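Reading through the structure tokens given below for one structure.
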Amino acid sequence: MPELPEVETIRRGLEERVMGRMFEQVEVLLPYLIKSPSVGEFIQQLQGKKIERVGRRGKYLLFFLSGEYVLVVHLRMTGQINYVKSDEALHQKTYIILTLDNGYQLRYIDPRKFGMFFLLRLNQLNEIPGLRNMGPEPLEEEFTFGYFESLLSGKKRKIKALLLDQSAIAGLGNIYVDECLFLAAIHPERMAGELTSIERRMLFNAIKQVLREGIMHRGTSSQDYFDVEGEKGTHQEHLKVYQRKGNPCYACGTPIIRQVVAGRGTHICPQCQPEKKDAT
DNA sequence: ACGTTGACCTGTGTGC
DNA sequence: TGCACACAGGTCAACG
């Protein structure tokens, strides 16, 4: 579920609430979610650590802790982090409970049990493969048009597959990729290396715009995404193609179609996003 | 080296 | 209603 705008919304919610707090108690109800170290060490090392800052890299949440430790969390498809009073009833799908020193808990909820937790030293962060190979942050200065062009140039790969690749650009997922390609009027099966210079520029701008709007609307809630207070985002009300199959395109009225591209459900306006670039 | 496919695990929606 | 099946926002290992 959560892509960059959703994870960023969660990060902001957490930072507001848990900066400076200490983990008093750690309960792990589903051990395999802890990828490293062992569950025993995870619990023992996390207890007593203070949260100095909450960061984000792509779709990973990073809790920077005292003693140069970092708690890394990936929500995968259906993970949620709730900030609730310790005496609130437990949601049935709660698998990790982190009790803070202010009477509140961070509770990790995950119906599909796909999430990943790591506790590492600051200097070990790149031992997580997904972090080591992560591409640039698309909303930071490091993501330049020059970099984007070098990424596409000569690539015989569908543009959608490339945009979903976290080692190319950090944080894009299926929803925002479909939205970006629509905004740039590019068919998802076009080969990355064959986009015109105007199309590359359009797509570069679309990535930044779509992600910024997603954050502004506090994320897209189609079913499982909620922020730390359990609130939904509102960006689903602003989607142009994602999950609009059969509905008229806002630009031209043509019904939006859905097909599988790069192994993912993909939403396209066949009129605005033609398969082949016009030879004119 | 690169690109595509299946697996991970569970819940929900659809069609018969 | 019951049931089977497709599908779900992500990532990684295992293929060709």
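No experiment lies behind these values; they were computed from the predicted model shown. The sequence lines fix the lettering, A, B, ..., with proteins before strands; numbering per chain opens at 1.
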Review point. Looking only at atom P, what distance separates C:dC3 and B:dC9, rounded to whole Å?
Key: 25 Å

Practice item. Kindly check if the number of other-residue, nucleotide or ligand heavy atoms within 6.0 Å of CD (A:Glu229) is above 12? Key: yes

Review point. What integer number of Å spans the P atoms of C:dC5 and B:dA7?
Key: 16 Å

Check your understanding: A:Arg218 CZ to C:dG9 P: how many Å, rounded?
Key -> 23 Å

Exercise for review: Report the nucleotide, chosen from C:dG9, C:dT11, B:dT4, that has the shortest atom-to-atom distance to any side-chain atom of A:Ile175.
Suggested key: C:dG9

Exercise for review: Check whether any side-chain N or O of A:Gln166 sits under 4.0 Å from OP1 or OP2 of C:dG10, and answer yes or no.
Suggested key: no

Check your understanding: Would you say B:dC2 has OP1 or OP2 under 4.0 Å from some side-chain N or O of A:Lys155?
Key -> no

Practice item. With the side chain of A:His74 defined as its heavy atoms from C-beta on, choose the nearest nucleotide among B:dT10, C:dA8, C:dG10. Key: C:dG10

**Study point:** Interatomic distance where CE belongs to A:Met191 and C1' belongs to B:dT4 [whole Å]
**Key:** 12 Å

**Study point:** B:dG3 OP1/OP2 closer than 4.0 Å to side-chain N/O of A:Lys158
**Key:** no

Point to revise | Euclidean distance, atom OH of residue A:Tyr60 to atom P of C:dG10 [Å, nearest integer] | key: 12 Å

Point to revise | C:dT11 versus B:dA1 - spacing of their P atoms, nearest Å | key: 23 Å

Review point. Where the side chain of A:Tyr242 is defined as all heavy atoms beyond and including C-beta, which of B:dT4, B:dT10, C:dA8 is the nearest nucleotide?
Key: C:dA8

**Study point:** Whole-angstrom distance between B:dG11 and C:dC12, as gauged at atom C1'
**Key:** 23 Å

Study note, to complete from the structure: Among the nucleotides C:dG9, C:dC12, C:dC7, whichever has the atom closest to the side chain of A:Pro129 is C:dC12

Review point. Between A:Arg76 and B:dC9, does any side-chain N or O lie under 4.0 Å from OP1 or OP2?
Key: no

**Study point:** Closest nucleotide among B:dG11, C:dC7, C:dT11 to the A:Arg264 side chain
**Key:** C:dT11

Check your understanding: Hey, do the aromatic rings of A:Tyr176 and A:Tyr242 have their centres closer than 6.0 Å?
Key -> no

Study note, to complete from the structure: Here the distance between atom C1' of B:dA7 and atom CZ of A:Arg112, to the nearest Å, is 11 Å

**Study point:** Closest to side chain of A:Arg157, choosing from B:dG11, B:dT4, C:dC7
**Key:** B:dT4

**Study point:** Note: A:Arg57-A:Glu137 ion pair, threshold 4.0 Å (strictly below)
**Key:** yes

Check your understanding: Over how many whole Å does the gap from A:Leu30 atom CG to B:dC9 atom C1' extend?
Key -> 10 Å

Review point. Between A:Asp165 and A:Arg157, does at least one N-O distance fall below 4.0 Å, as a salt bridge requires?
Key: yes

**Study point:** Salt bridge flag under 4.0 Å for residues A:Glu15 and A:Arg11
**Key:** yes

Exercise for review: Give none if C:dG9 has no partner; otherwise give the nucleotide forming a Watson-Crick or G-U wobble pair with it, both distances under 3.5 Å.
Suggested key: none

Practice item. Output yes when A:Glu88 and A:Arg107 qualify as a salt bridge under the 4.0 Å nitrogen-oxygen rule, no when they do not. Key: no

Review point. C:dT11, B:dC8, B:dT4: which one has an atom nearest the side-chain heavy atoms of A:Phe114?
Key: B:dC8

